[in-house]
2 protein chains.
Amino acid sequence: MAARRRSQPSTTRTAILDVAERLVQSRGFNGFSYADVAAELQISTAALHYHFPGKAELGHALVDRYAQRFGEALEAIAAMGVPPPEKLRAYADLYLRVLCDERMCLCGMLAAEYQTLPDAMRNSVVSFLDHNCDWLADLLETGRSEGSLEFVGAAQEAAQMIVGALEGAMLVSRPYANTEHFEVIADRLIGELTPERSPARSR
Amino acid sequence: MAARRRSQPSTTRTAILDVAERLVQSRGFNGFSYADVAAELQISTAALHYHFPGKAELGHALVDRYAQRFGEALEAIAAMGVPPPEKLRAYADLYLRVLCDERMCLCGMLAAEYQTLPDAMRNSVVSFLDHNCDWLADLLETGRSEGSLEFVGAAQEAAQMIVGALEGAMLVSRPYANTEHFEVIADRLIGELTPERSPARSR
DNA sequence: GTCTATAACGAGATAGAC
DNA sequence: GTCTATCTCGTTATAGAC
């Protein structure tokens, strides 16, 4: 029972985070309200304020939880025991899975609203992007040294491009309400990093 | 005097659009209010309602004007009498100039907030993206047939990737409050489309 | 065209009972 | 932990005077 209490961070708190997360990812931090979350959970907004004193605190908890989960997903991919190109594909699939749920990446959404965010949230958004870039740069460098990935210049810069391009792919895909738009971009990105065994036509 | 009146769509109306445009590009459509615009122009919100009955109408006017200006910029580039790679660079520079002003692309911002937008605005955002893709696909196809640009697969798909990647580059660059992040991505994008002999980096 | 005044509503937040 | 009730403020919008 003690063990259970320790691993149970209040079921309501988690439910609030889950609903708020989906709302922010689909409508933006400035596009949802405590009332929206409360209505969906059939509780009062006062209950929300018990768990999260203000919207800023809720937002901060959201992005921190998201970043932690994403970080765990990255570790899982890193541990996967497949070659770098497949890990790169698995990375892009993380984004695709979010998009399939008709959501934008939480931190991509918050990046758009960056200038209106509380300070604490801003820092967490930048940390998320940095962490992704670092992880990717490491993967890219490993792949290049093995010969399984090909790119010019610094791995950090190639990583920046991948993160930016995937976030942008999600951004422009959602208005079309399909995932093909995203997949086309992800495929091209990965294709450009993968050595060509059968050279493409070029004059 | 008649000519003047014809080419003068009310100086206040234009001023409202200018201020609102900047606010939406920096804070989002859900992150600004009539009061913000009114305060900056030192007029009342009632005056705003005279020119634009509601926020939806103002938003629609904003995105339509933006799309028209962007379209004119594309025509100007198309008419430039330089080879396709330079036109591609000029295209990326359109985005860079927006970012230098600490703004997101208006339609990129609205794409993030897409699910909260009035219908009329939604359609205009999609039209903007489509127009950009079509224009780029045409440029890419021309470049490939000339041998000045290189890419695999359909021009439409390569164009989708460029639009998505540039929008994403703006998105992730703004939290870093510099343009280098964007420029790194733009340079890589262009570099990948340019045959090896001339790396041709500007700056 | 622009103003003041105000209505109508929603959002974020707090107090205090249970 | 959750509720009801309430408060304050900001936002959108309208009415009517000038």
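What you see is a predicted model; the values in this text were computed from it and never measured. Naming: A, B, ... by sequence-line order, numbering from 1 per chain.
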Novice: Write down the distance between CZ (B:Phe52) and P (D:dT14), rounded to a whole number of angstrom.
Specialist: 16 Å
Novice: Any carboxylate oxygen within less than 4.0 angstrom of a Lys/Arg side-chain nitrogen, looking at B:Arg69 and B:Glu21?
Specialist: yes
Novice: Could you check how far CZ of A:Phe29 sits from P of C:dA11, rounded to whole Å?
Specialist: 14 Å
Novice: Rounded to whole Å, please give me the gap between OH in A:Tyr34 and C1' in C:dT14.
Specialist: 13 Å
Novice: Rounded to whole angstroms, how far apart are CG on A:Leu48 and C1' on C:dT14?
Specialist: 14 Å
Novice: CZ/A:Arg174 to CD/B:Glu113 distance, rounded to the nearest 0.5 angstrom?
Specialist: 10.0 Å
Novice: Respond yes when some side-chain nitrogen or oxygen of A:His51 is under 4.0 Å from OP1 or OP2 of D:dT2, and no when none is.
Specialist: yes
Novice: Within this structure, what is the CD1-to-P distance between A:Ile16 and D:dG1, rounded to whole angstrom?
Specialist: 11 Å
Novice: For A:His49 and D:dT4, give me the distance from atom NE2 to atom C1', rounded to whole Å.
Specialist: 14 Å
Novice: Please work out which of the three classes, parallel, tilted or perpendicular, describes the rings of B:Tyr91 and B:Phe70, given edges at 30° and 60°.
Specialist: perpendicular
Novice: Between C:dG10 atom C1' and A:Asn30 atom CG, what is the distance in whole Å?
Specialist: 15 Å
Novice: Name the closest nucleotide to the B:Lys55 side chain, picking from C:dA13, D:dA13, C:dC3.
Specialist: D:dA13
Novice: With a 3.5 Å distance limit and no angle check, can you tell me whether A:Lys87 reaches the backbone of A:Ala78 through a side-chain donor-acceptor pair?
Specialist: yes
Novice: Counting any heavy atom closer than 4.0 Å, what does A:Tyr50 reach on the DNA or RNA strands: base, sugar-phosphate only, or nothing?
Specialist: base
Novice: Please list residues of residues 35-46 of chain B whose heavy atoms come under 4.0 Å from any atom in DNA chain C, ordered by number; otherwise none.
Specialist: B:Gln42, B:Ile43, B:Ser44, B:Ala46
Novice: Would you say the side chain of B:Tyr66 lies within less than 4.5 Å of the side chain of B:Ser124, judging by non-hydrogen atoms?
Specialist: no
Novice: Counting only side-chain nitrogens and oxygens, does B:Thr12 get under 4.0 Å of the OP1 or OP2 atom of C:dG1?
Specialist: no
Novice: In whole angstrom, give the distance that lies between atom CG of A:Leu58 and atom P of C:dA11.
Specialist: 15 Å
Novice: Is it true that B:Arg65 and B:Asp18 make a salt bridge, defined as a side-chain N closer than 4.0 Å to a carboxylate O?
Specialist: yes
Novice: Holding to ring pair (Phe, Tyr, Trp, His ring centres under 6.0 Å), I want the full list of residues that pass it with A:Phe32, two or more places apart in sequence or in another chain.
Specialist: A:Phe29
